[in-house]
Amino acid sequence: GFAGLLIRMDLSRRRAAESELKAAEERYRLLFDRSQSGIFRTTREGVLLECNPAFSRMLGYRNVEDARGRNAADLHTDREAMTRILQRLLTGEAVTDVEVPLKRRNGEAVWALMSAVYMADTADPHFEGTIIDITDRKQAADRLVQLLQTEQQLKEMGDLLDACLT
């Protein structure tokens, strides 16, 4: 009867909603996995709960599973700077595009542009954010500074030589 029809309509709507939810979850999982930015989520204590393949590659881990469970503090080379960032995050401030020195699993230095936020959810307090590898950019900027310094030194030497010859 009528009650059966209502139940069937309700079940049909529920199945459609579940199907829609599964499709959305798959779209976001693909976005997460295919992103070129490293994406991470850690506990309040810094234990890596989740990351994407770009994060694990950037920091020299074989795969996502190899990176999970590690402590984020082990990735940072400047503990004082990280402490200041953590204090900002814990007060509710979002950190956006901060340059941070990190180290790969093998100890090699890597520079990252980090954005992060602290989610103060009482049931699941955690940090989440992204990192982008800017090592090449930092190295190019350092080389440019060195070249400009060398150019300045050569100019000063030329000026000194001119002064000696006149």
Side-chain angles (χ1 to χ4, degrees), residues 14-153:
R14 182 175 295 157
R15 280 192 204 109
E18 286 172 358
S19 177
E20 220 173 280
L21 180 61
K22 281 183 184 176
E25 286 173 349
E26 180 62 18
R27 281 193 307 274
Y28 283 106
R29 172 57 54 193
L30 289 173
L31 182 65
F32 181 80
D33 287 344
R34 293 177 179 163
S35 176
Q36 295 303 302
S37 296
I39 303 171
F40 65 89
R41 193 166 80 93
T42 72
T43 65
R44 190 176 195 284
E45 294 75 31
V47 177
L48 191 61
L49 295 170
E50 190 171 8
C51 66
N52 69 344
F55 181 95
S56 60
R57 261 192 320 275
M58 196 180 311
L59 294 169
Y61 292 96
R62 288 188 305 273
N63 53 44
V64 168
E65 292 75 25
D66 191 28
R68 259 192 225 123
R70 310 261 176 189
N71 196 299
D74 297 336
L75 305 173
H76 295 279
T77 59
D78 186 343
R79 299 277 176 131
E80 289 177 22
M82 200 58 229
T83 299
R84 288 191 299 275
I85 291 170
L86 286 173
Q87 288 169 344
R88 288 171 55 193
L89 289 167
L90 289 169
T91 64
E93 183 182 344
V95 171
T96 306
D97 295 338
V98 175
E99 292 184 2
V100 293
L102 301 174
K103 62 182 170 186
R104 291 190 170 97
R105 183 178 186 187
N106 65 6
E108 183 182 329
V110 60
W111 277 91
L113 195 62
M114 183 178 75
S115 296
V117 65
Y118 177 61
M119 307 300 287
D121 179 351
T122 53
D124 179 27
H126 64 276
F127 296 98
E128 55 188 43
T130 60
I131 56 173
I132 298 169
D133 188 342
I134 59 167
T135 305
D136 291 342
R137 187 180 89 186
K138 288 286 283 183
Q139 289 172 345
D142 290 347
R143 281 194 298 276
L144 182 59
V145 167
Q146 289 172 345
L147 287 172
L148 291 172
Q149 288 172 342
T150 302
E151 180 186 33
Q152 181 63 34
Q153 289 168 347

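Along the sequence shown, residues carry numbers from 1. Values below: all heavy atoms of this structure, side chains included; hydrogens, waters and symmetry mates excluded.
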- CG of L89 to CZ of R44, rounded to nearest 0.5 Å, is 11.0 Å
- Query: So how far is it from I85 CD1 to E80 CD, rounded to the nearest 0.5 Å?
  - Reply: 12.0 Å
- Message: As an exercise, state the distance from CD of Q149 to CG of L144, rounded to the nearest 0.5 Å.
- Response: 10.0 Å
- Would one find more than 12 heavy atoms of other residues, nucleotides or ligands at under 6.0 Å from atom CD of E65? yes
- Message: Please determine whether a side-chain nitrogen of the Lys or Arg among E20 and R15 lies less than 4.0 Å from a carboxylate oxygen of the Asp or Glu.
- Response: no
- Message: A side-chain contact here means heavy atoms from C-beta on lying under 4.5 Å apart; do Y28 and L30 qualify?
- Response: no
- Taking all non-hydrogen atoms of both residues, which atom of D78 and which atom of A81 are closest, and how far apart? OD1-N, 3.0 Å
- Going by heavy atoms in the side chains, are M82 and M114 under 4.5 Å from each other? yes
- Note on the structure: All heavy atoms of Q36 vs all of A54, minimum pair found to be O-CB, 3.6 Å
- Min side-chain heavy-atom separation L113-I131 under 4.5 Å: no
- Distance-only side-chain donor-acceptor flag, R88 / Y118, under 3.5 Å: no
- Query: Can any side-chain N or O of S56 pair as donor or acceptor with the backbone N or O of Y61 at less than 3.5 Å?
  - Reply: no
- Message: Pair T130, F55 - check side chain to side chain contact (heavy atoms under 4.5 Å, CB included), show working.
- Response: CA-CA 8 Å; T130 60; F55 181 95; over 6 Å; no
- Within a strict 4.5 Å, meaning less than it, do heavy atoms of the V110 and L59 side chains meet? yes
- Salt-bridge test for R41 and D124: reply yes if a basic N is under 4.0 Å from a carboxylate O, no otherwise. yes
- Main-chain N/O of I132 paired with S37 side-chain donor or acceptor, under 3.5 Å: no
- Keeping the roles fixed (side chain from T83, backbone from R79), state whether a donor-acceptor pair exists under 3.5 Å. yes
- Residues in salt bridge (charged side-chain N to carboxylate O under 4.0 Å, His left out) contact with R105, at least two apart in sequence or another chain: D66
- Query: What are the two closest non-hydrogen atoms of F40 and T42, and how far apart are they?
  - Reply: CD1-CG2, 4.0 Å
- Query: Looking only at heavy atoms, which two atoms of D121 and A123 are closest? And how far apart?
  - Reply: OD1-N, 2.9 Å
- So do the side chains of E99 and K138 get within less than 4.5 Å of each other, counting heavy atoms only? yes
- Search all heavy atoms of E128 against all heavy atoms of H126 and return the closest pair with its distance. OE1-NE2, 3.0 Å
- Message: I'd like to know if R29 and D33 make a salt bridge, using a cut-off of under 4.0 Å between side-chain N and carboxylate O.
- Response: yes
- Message: Is any side-chain heavy atom of D133 closer than 4.5 Å to one of W111?
- Response: no
- Any side-chain heavy-atom pair of R68 and L49 under 4.5 Å: no
- Sequence-distant partners of R14, salt bridge (charged side-chain N to carboxylate O under 4.0 Å, His left out), two or more places apart: D10
- Task: Side-chain contact test, heavy atoms from C-beta onward, threshold under 4.5 Å: evaluate it for V117 versus V95 and give yes or no.
- Result: no
